[in-house]
Amino acid sequence: QVQLVESGGGLVQAGASLRLSCAASGYTSDLLYAMAWFRQAPGKGRDFVAVIGPSAVHTIYADSVKGRFTLSRDIGKNSVYLQMNSLKPDDTAAYYCAAVKAPWSYTPIAEQQYDFWGRGTQVTVSS
């Protein structure tokens, strides 16, 4: 079974940067899975942030983070990273890593399309 563990969250001021990490285990080939980040603020649903396809070439970003966040993938380390720059208070949320077995070009953006989830890491941005 695929297991995902997030890390890298914290408390920062607006305009600062953070890098979130998601370490994956339990599958034989990192190239067979699309991996994504979602976030959830208290009292709200879980929103899509970014996804990277199995090829590590195709990426999609939510409009709210486009130009500020960058998703990358290290195949050898079985990890994905979310570099978050120019953080603002609206980015405050619990951030979750997700994965789904996928074809080469598959980059889903809906929560229900993912089969495996991490337990989350908290990001808090003060004004």
Tell me the disulfide bond (SG atoms under 2.5 Å apart) pairs involving [range], sequence neighbours left out?
range	result
residues 98-127	none
residues 72-127	Cys22-Cys97
residues 50-87	none

All side chain to side chain contact (heavy atoms under 4.5 Å, CB included) counterparts of [X], not counting sequence neighbours:
X	answer
Asn85	Ser17, Gln83
Ser64	Arg39, Ala62
Ala16	Val12
Val2	Leu4, Tyr27, Tyr33, Phe116

Would a 4.5 Å heavy-atom cut-off, applied to side chains only, mark [X] and [Y] as touching?
X	Y	value
Thr121	Leu20	yes
Ser7	Ser21	yes
Thr107	Ile52	no

Contacts of type ring pair (Phe, Tyr, Trp, His ring centres under 6.0 Å), residue Tyr81, not counting sequence neighbours: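 Here no residue qualifies.
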Under a side-chain separation threshold of 4.5 Å, the hydrophobic residues clustered together with Leu11 are none
State whether the side chain of Glu6 and the backbone N or O of Gly120 hold a donor-acceptor pair below 3.5 Å, judged by distance alone.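 Answer holds: yes.
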Can you pull the side-chain hydrogen bond (donor to acceptor under 3.5 Å, both in side chains) pairs that have at least one residue in residues 108-120, sequence neighbours excluded? Tyr106-Gln113
Is [Y] reachable from [X] through a run of hydrophobic residues whose side-chain heavy atoms are each under 4.5 Å from the next?
X	Y	answer
Leu32	Val80	yes
Met84	Trp37	yes
Met35	Val123	yes

Just one of Val65, Ile109, Ile60 clears the side-chain contact (heavy atoms from CB on, under 4.5 Å) bar with Val49, so which one? Val65
May I have all residue pairs that pass ring-ring contact (aromatic ring centres under 6.0 Å, His included) and include part of residues 47-70, sequence neighbours excluded?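 For residues 47-70: Phe38-Phe48, His58-Trp104.
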Greater than 12 external heavy atoms within 6.0 Å of Gln3's CD: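 At most 12 heavy atoms, drawn from other residues, nucleotides or ligands, come within 6.0 Å of this atom.
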Quick test of your reading: applying salt bridge (Lys or Arg N to Asp or Glu O under 4.0 Å), list the pairs with at least one residue in residues 49-63, sequence neighbours left out, ordered by first then second residue.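 Non-adjacent pairs meeting salt bridge (Lys or Arg N to Asp or Glu O under 4.0 Å): Asp63-Lys66.
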